[in-house]
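Everything on this sheet refers to the single structure shown next.
Predicted model, so just to flag it, every value in this text is computed and none were measured. All chains are named by letter (A, B, ...) in the order of the sequence lines, taking the proteins before the strands, and each is independently numbered beginning at 1.
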Amino acid sequence: MAAMKHGYEYWYWYDTEVPYEVWYAGKYPVRIQEIVSTGKLSKLEHFETDEKVRTVSLFGEVWGIGPATALKLYDKGHRTLDDLKNEDSLTNAQRLGLKYFDDIKTRIPRHEVQEMEQLLQKAAEEILPEVVVICGGSYRRGKASCGDMDIVITHPDGKRLINLPSSSSNIGFLRKYVKHLKDIKFLREDLIFSIHSEEDTDTGVDTYFGLCTYPGRELRHRIDLKVYPRDIYAFGLIAWTGNDVLNRSSPRPGRFRPSLEVSFRPCLKVSSYQSYALLPEESGTWELKVYAQKSYQSVTPHWVK
DNA sequence: CGGCTGTACTG
DNA sequence: CAGTAC
DNA sequence: GCCG
């Protein structure tokens with residue numbers, strides 16, 4: 001019953017949009033015919049009511065627990081989230097995911113996200129003047145409430161380390177920023193913390209995943225902080241504004257993949273298999289547009305006056 | 001013409 | 001490396 | 001339907 005991550009069953013169960021059906025029609029003619037004609041699959045009729053299925057998917061909702069771990073926990077005899085609290089094989093992150101299960105699931109009203117974005121911007125400027133802090137994700141897509149906060153950070157001088165080792169304003173920023181946010185009790189628990197900008201081995205994106213609280217409250221929210229070098233910032237912002245379908249663009253036929261265009265010179269050709277391309281520094285101002293899901297998303301650098 | 005995002009952490 | 005997350 |  002477990003959904004295979006890379007197996008066709010996965011797509012077949014979880015995404016039955018027409019393009020898939022057409023695409024996979026050759027492989028699953030009978031089942032797909034039934035889905036197309038009746039809108040469902042009789043074989044899966046009792047799927048959601050099955051105890052094992054329900055329990056395993058509940059466990060899978062805990063941050064840090066995926067299908068494999070969820071299944072193992074079920075096989076060990078666990079049946080409720082309370083049971084899991086006594087399981088010593090859980091990782092630190094999974095413990096936190098469990099402890100704050102309800103908190104994390106609680107959606108954040110838009111106006112609170114807006115306040116926290118301002119708080120984050122102010123706190124960041126105290127450490128690094130002119131730093132740019134933007135809340136992406138569903139907030140930037142205009143939703144009335146958000147499940148978490150995706151914070152994308154850059155600095156006009158934040159060059160890529162491999163290009164300009166000594167003048168990278170983003171280097172070391174995240175470490176200080178996280179410490180400061182913990183001092184003021186905004187950040188509460190860490191899930192993942194990875195610093196790359198201090199070495200020259202990778203893309204130079206620093207990332208923090210953790211839990212935060214709205215000022216004066218104890219309710220935990222998921223928050224991601226990402227610090228981008230300026231030259232790939234636009235792509236970071238696009239990626240973390242999403243939505244998921246746009247970014248990961250799913251294994252769909254190419255016509256659904258995002259196509260990129262830059263409205264101001266130079267012309268930018270971005271391979272759909274490439275996660276980012278470089279924007280020339282000397283091009284003055286620019287706008288990056290992404291067309292996907294029948295609408296445009298655009299990015300302009302915030303430091304352009 | 002087959003194959004279908006890409007990358008990094010934790011343990 | 002497997003499992004997980006974005 | 002686009003990429004390698």
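At whole-Å resolution of the value, CD1 in A:Ile65 and C1' in C:dC6 are 18 Å apart. In this structure, the CG atom of A:Leu71 is 17 Å from the P atom of C:dA2, given to the nearest Å. For the pair A:Ile192 CD1 and C:dC6 P, the computed distance is 8 Å after rounding to whole Å. When rounded to the nearest whole Å, the span between NZ of A:Lys72 and C1' of C:dA2 equals 8 Å. A:Ile104 has its CD1 atom 16 Å from the P atom of C:dT4, to the nearest Å. Taking atom CG on A:Asp206 and atom P on B:dC9, their separation rounds to 10 Å, with Å as the unit. Rounded to whole angstrom, the span from the CD1 atom of A:Ile223 across to the P atom of C:dA5 amounts to 19 Å. Here B:dA8 presents its C1' atom at 17 Å from OH of A:Tyr208, a figure rounded to the nearest Å.
Judged by distance alone, with hydrogens and angles left aside, the side-chain atoms of A:Arg110 form a donor-acceptor pair with the main-chain N or O of A:Tyr139 at under 3.5 Å. The closest donor-acceptor contact from the side chain of A:Tyr74 to the backbone of A:Val53 lies at 3.5 Å or more, if one exists at all. Proximity of a side-chain donor or acceptor of A:Asp50 to a complementary backbone N or O of A:Lys52 within less than 3.5 Å is detected.
Between the side chains of A:Thr106 and A:Asp103, no donor N or O sits under 3.5 Å from an acceptor N or O.
Comparing C:dG3, B:dT10, C:dC6 by their closest approach to the side chain of A:Thr69 singles out C:dG3. The A:Arg222 side chain lies nearest to C:dC6 when the options are B:dT10, C:dT4, C:dC6.
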### Task
Evaluate the criterion side-chain hydrogen bond (donor to acceptor under 3.5 Å, both in side chains) for residue pair A:Thr213 and A:Arg188; output intermediate values, then yes/no.
CA-CA 7 Å; A:Thr213 50; A:Arg188 299 305 193 90; 3.2 Å; yes
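Cation-pi geometry between A:Lys105 and A:Phe101 is met: under 6.0 angstrom from the ring centre, within 45 degrees of the axis.
Note on A:Leu98: it does not cluster hydrophobically with A:Leu191, by side-chain heavy-atom contacts below 4.5 Å among ILVMFWY residues.
Taking every heavy atom of residues 84-93 of chain A and every atom of DNA chain B, pairs under 4.0 Å involve A:Thr91, A:Asn92, by number.
Here, B:dT7 and D:dG4 have their P atoms 13 Å apart, quoted to the whole Å. Using atom P as the reference point in both B:dC4 and C:dA5, the two lie 22 Å apart (nearest Å).
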